[in-house]
Amino acid sequence: MKHYLTVNDIESLPDWVEEAITLKKDPYQFEDLGKRKTICLLFFNNSLRTRLSTQKAAMNLGMEVMIMNFGNEGWALEYGDGTVMDQGTSEHIKEAAQVVSQYCDVVAIRAFAGLVDKEKDEAEEVINGFAKHASIPVVNMESSVGHPLQALADAITLKENETKKKPKVVLSWAPHPKALPHAVANSFIQMMKLQEADFVITHPEGYELNPELTQGCQIECDQDKAFEDADFVYVKNWSSYSDYGKVLNKDKNWTITKEKLGNAKFMHCLPVRRNMIVEDAVLDSEQSLVVEQAKNRVFSAQIVLKKILENK
Amino acid sequence: MKHYLTVNDIESLPDWVEEAITLKKDPYQFEDLGKRKTICLLFFNNSLRTRLSTQKAAMNLGMEVMIMNFGNEGWALEYGDGTVMDQGTSEHIKEAAQVVSQYCDVVAIRAFAGLVDKEKDEAEEVINGFAKHASIPVVNMESSVGHPLQALADAITLKENETKKKPKVVLSWAPHPKALPHAVANSFIQMMKLQEADFVITHPEGYELNPELTQGCQIECDQDKAFEDADFVYVKNWSSYSDYGKVLNKDKNWTITKEKLGNAKFMHCLPVRRNMIVEDAVLDSEQSLVVEQAKNRVFSAQIVLKKILENK
Amino acid sequence: MKHYLTVNDIESLPDWVEEAITLKKDPYQFEDLGKRKTICLLFFNNSLRTRLSTQKAAMNLGMEVMIMNFGNEGWALEYGDGTVMDQGTSEHIKEAAQVVSQYCDVVAIRAFAGLVDKEKDEAEEVINGFAKHASIPVVNMESSVGHPLQALADAITLKENETKKKPKVVLSWAPHPKALPHAVANSFIQMMKLQEADFVITHPEGYELNPELTQGCQIECDQDKAFEDADFVYVKNWSSYSDYGKVLNKDKNWTITKEKLGNAKFMHCLPVRRNMIVEDAVLDSEQSLVVEQAKNRVFSAQIVLKKILENK
């Protein structure tokens, strides 16, 4: 693995999950691996979990961490080929990526979807621009169409909490007041395809995800039916993919309740809107795995950085 | 001590002050104590001294430091119980506090008073929310109603500069163009109550502080009379408490001059408005202790963190 | 050397360049020098290269790094003597500089020209205010009129790439849509005066730089003539100095092309506007040294910090 851009960069999901669970028991066992190595975290968007967990993961490995909020601390970047830069952008991705490569050993990048122009979002110009022009490994801390560190943390959490070989896992849409990206759902689906499970996706009509990703997945638009005998319910809002970036409805019949959940475990990547996405009773119960998922963000990042450092 | 939320969390003020003065002579003597320990500094408001001194204190103890400006880097937090989060707030304090607890060993928080709603400010929803929901120790880097790291630094500065057993210490209001919180004055008063001194509070009528805090304190509304034979004059502006958050006057007769000060030492927590709060002649003289107070912020933070680390 | 404020603080340019080139081969050889030493980087303006390279340089020397964006994280500073601070500024440079000096061993500052008031810009109130009132060494990370870390990096890059004793070096103006400061051009000129070279400055009429700095330099307003037999072409936009801060023209006849460049190496401090300052064909060719220049920012900063640490 050179870069960690998508879930498909995971060489073996079961091995990585196993290794992460071992690492969690003694997070400092590789603290010499990152000696004299520096990671630069570049944020084009806000972050709480990703920022702190990736920083912690790097420190656990003995790395130095440099953090930049690109939006307000750096320069507006240009991505176009051949552009005459006489407008608002001050620096081309070609220079930015090469320059950052001079100052660190790994660069991690967060750059959300704009949700206006599907083609532009799917081109992933920020993360792909860095991957193309940087001379160092690039890690995706959530891009327009994927959030592979989250998906790896979710795989760890599923493994730690599974009580049977082939659990039933449901990915459910839930309502949210604002238009949200598809990144978390996309990566979760890609990750589920890498393991044995009875996997079902449920959402209102019109909220179909990218068909290239859901191809081969069971989709059930009746949420109650989808939840029957579920072991894990992974919940996430996303805006429409076909009517790109639109909020088609905020139907609170899709809000997760304790009753709907049954005996399943509740999962969400956070931040979560209480009593929109899910009612308080679920989050405040033992069935909620959200805090454990957040904790596992450290170990998903640490495994990825460990693989990168070992590869150098 | 689990948390350091108010001056009243100090177990023994004389002992802590003594220990801080010893630490100041050799700040690195406990640099193994914080090995593999991480502190997260969360800023909901601006900071210069608090930010740098707390970071330095943690580094002196060998801790790793993660810093977040919650306002523009994180998510808008919700504090209400049972709120349907369909408006501007993205994440509930319950999740935020639990999540941050997964990534570090101590969390320190700065969140100023809004000065609009007294009840809300006194509820201290940010710092108390973290203290309630976090699973790790919480340190107050200035909250709505208190600034206990500043008060502890002030106690150190008083001790280092006292020339008699029971000095006369005056807390004086002074004019300022904007409405300021009561936090520094409140914590200074609480701290003064923990030690022997001839302590007087002076302010124009209408600027009475929270009576629960000033109970038992000598209050003298004639500034000249209050300053007679003073050894230390601690100056601070605050807005009205009874007419909550209002600037009732900017009377420059209350500005501290060299003449008024006499032989007393001048103290202020900074930042200070020159020639509003105090004239240049005082700040630029040997009588000013403000830079030493700022220096002692490192050692007040370091003692607090040391106590927390030793307690784990 | 106490401070590093201008190129003229370099004690011996050839020695420092030599030492930097040696350091580049083994950047960690002095990693004990900065043990228990802290540098504070204060940004009043945006930064990418300067921020990351100075941080990396400090870490290579084993220093701890504290970073503040003064604009949005700290307080608005006052610089006037005797000002009654009843307006927008919250803290005087006198206090700010003394206070920061309590928390670290070196302070580095970036504060750009405002390009409105020449006299004010040339007074360099931020960097000079810190140098005057701080009790610790101050490093210039680009001030109103100079960028000496860049100039030192450029000297390193010139040395590494020279093929003859006395190369021909041309400093050329190029068009840009916005008004830019003179800092980089100024420091480059000062640096060139410290070494043997055939040095020529070229710019359209009206773009004469500060005559005190260009005194004794060859100025040739015909760009083609200036470029004849050049070994290095150093390109930079700047706004008018005489008609202070104005953009007099954006004449793209001054844009650097491959044809104009001939066999010369192309240099620029970055960020660079592609196809305004220089065409893609140059930047994407082997003749461009811009990425190497950016890399050398680490070693120019590291030499400066090493000199400061050794001097303590």
Side-chain angles (χ1 to χ4, degrees), chain A residues 24 26-28 31 41 43 45-60 62-65 67 69 71-73 110 153 175-178 180 250 252 255 268-281 283-284 288 290-299 301, chain B residues 32 34-44 55 58-59 62-109 129-130 132-136:
Chain A
K24 194 175 174 178
D26 181 6
Y28 299 103
E31 67 186 352
L41 313 184
F43 291 94
N45 295 97
N46 284 18
S47 176
L48 168 61
R49 273 152 290 278
T50 297
R51 183 184 180 102
L52 297 181
S53 65
T54 311
Q55 190 173 355
K56 188 70 171 81
M59 298 187 319
N60 284 353
M63 300 182 83
E64 301 271 11
V65 183
I67 301 180
N69 299 318
N72 59 353
E73 293 173 350
R110 162 164 284 206
H176 192 283
K178 297 203 307 187
L180 294 192
K250 305 175 190 175
K252 293 190 67 179
T255 298
H268 189 282
C269 63
L270 304 183
V272 65
R273 299 267 182 152
R274 282 177 169 251
N275 304 309
M276 275 297 286
I277 293 283
V278 55
E279 61 173 18
D280 284 338
L283 277 174
D284 296 335
S288 170
V290 298
V291 173
E292 202 59 30
Q293 282 175 271
K295 186 187 186 80
N296 284 334
R297 291 294 306 277
V298 175
F299 306 102
Chain B
D32 288 335
K35 197 171 179 293
R36 292 180 176 176
K37 302 289 181 195
T38 302
I39 187 170
C40 184
L41 312 185
L42 298 183
F43 290 93
F44 291 81
Q55 191 173 355
M59 297 186 320
M63 300 181 83
E64 302 271 11
V65 183
M66 306 200 292
I67 301 181
M68 259 194 78
N69 299 318
F70 225 88
N72 59 355
E73 294 173 349
W75 309 104
L77 293 188
E78 174 62 42
Y79 299 93
D81 259 334
T83 312
V84 178
M85 290 172 62
D86 57 2
Q87 300 298 319
T89 55
S90 298
E91 175 140 48
H92 201 281
I93 179 71
K94 290 186 189 179
E95 275 71 54
Q98 289 181 80
V99 165
V100 169
S101 302
Q102 308 303 312
Y103 304 144
C104 55
D105 301 280
V106 184
V107 61
I109 293 156
F130 273 93
K132 184 171 174 189
H133 298 293
S135 55
I136 56 174

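Within every chain, numbering begins at 1; the chains are lettered A, B, ... in the order of the sequence lines, protein sequences first and strands thereafter.
Put simply, CH2 on B:Trp75 and CG on A:Asn46 are 5.0 Å apart, with the number rounded to the nearest 0.5 Å. Note that CD1 of B:Ile67 and CD1 of A:Ile67 are 9.0 Å apart. Values are rounded to the nearest 0.5 Å. Taking CE of B:Met68 as the start and CD of A:Gln55 as the end, the distance is 10.0 Å to the nearest 0.5 Å. Note that the CG atom of B:Leu42 and the CG atom of A:Leu52 stand 7.5 Å from one another [nearest 0.5 Å]. The NE2 atom of A:His176 sits 8.0 Å away from the CE atom of B:Met85 when rounded to the nearest 0.5 Å.
Per-residue counts of heavy-atom pairs under 4.5 Å with chain B were compared for A:Asn45, A:Val65, A:Val291, A:Asn60; the largest is that of A:Val291. If you tally non-hydrogen atom pairs under 4.5 Å between each of A:Val298, A:Leu270, A:Ile277 and chain B, the highest count goes to A:Leu270. Interface check for chain A: of the options B:Glu78, B:His92, B:Gln102, B:Gln87, the most heavy-atom pairs under 4.5 Å are formed by B:Gln102.
Two residues are said to be in side-chain contact when any heavy atoms from C-beta on lie closer than 4.5 Å; B:Thr38 and A:Lys56 meet this criterion. Residues B:Asp86 and A:Asn275 fail the side-chain proximity criterion, which asks for heavy atoms closer than 4.5 Å. Counting only heavy atoms from C-beta outward, the side chains of A:Lys252 and B:Val84 approach each other to under 4.5 Å.
Contact annotation for B:Glu95: only side-chain heavy atoms (C-beta onward) come within less than 4.5 Å of a heavy atom of chain A. With a threshold of 4.5 angstrom between heavy atoms, A:Leu283 approaches chain B through side-chain atoms but not through N, CA, C or O. Only the side chain of A:Glu31 comes within less than 4.5 Å of a heavy atom of chain B; its backbone N, CA, C and O stay farther away. Proximity to chain A (any heavy atom under 4.5 Å) is restricted, for B:Thr89, to the backbone atoms N, CA, C and O. Using a 4.5 Å cut-off between heavy atoms, A:Arg274 touches chain B through backbone and side chain atoms alike.
A salt bridge links B:Glu91 with A:Arg49: the distance from a Lys NZ or Arg NE/NH1/NH2 to an Asp or Glu carboxylate oxygen falls below 4.0 Å. Looking at B:Lys94 and A:Asp284, a side-chain N of the basic residue comes within less than 4.0 Å of a carboxylate O on the acidic one, giving a salt bridge.
Looking only at distances, no side-chain donor or acceptor of B:Tyr103 sits under 3.5 Å from a matching main-chain atom of A:Ala57.
The two residues B:Ser90 and A:Pro271 come nearest to each other via the heavy atoms O-CB, 3.4 Å.
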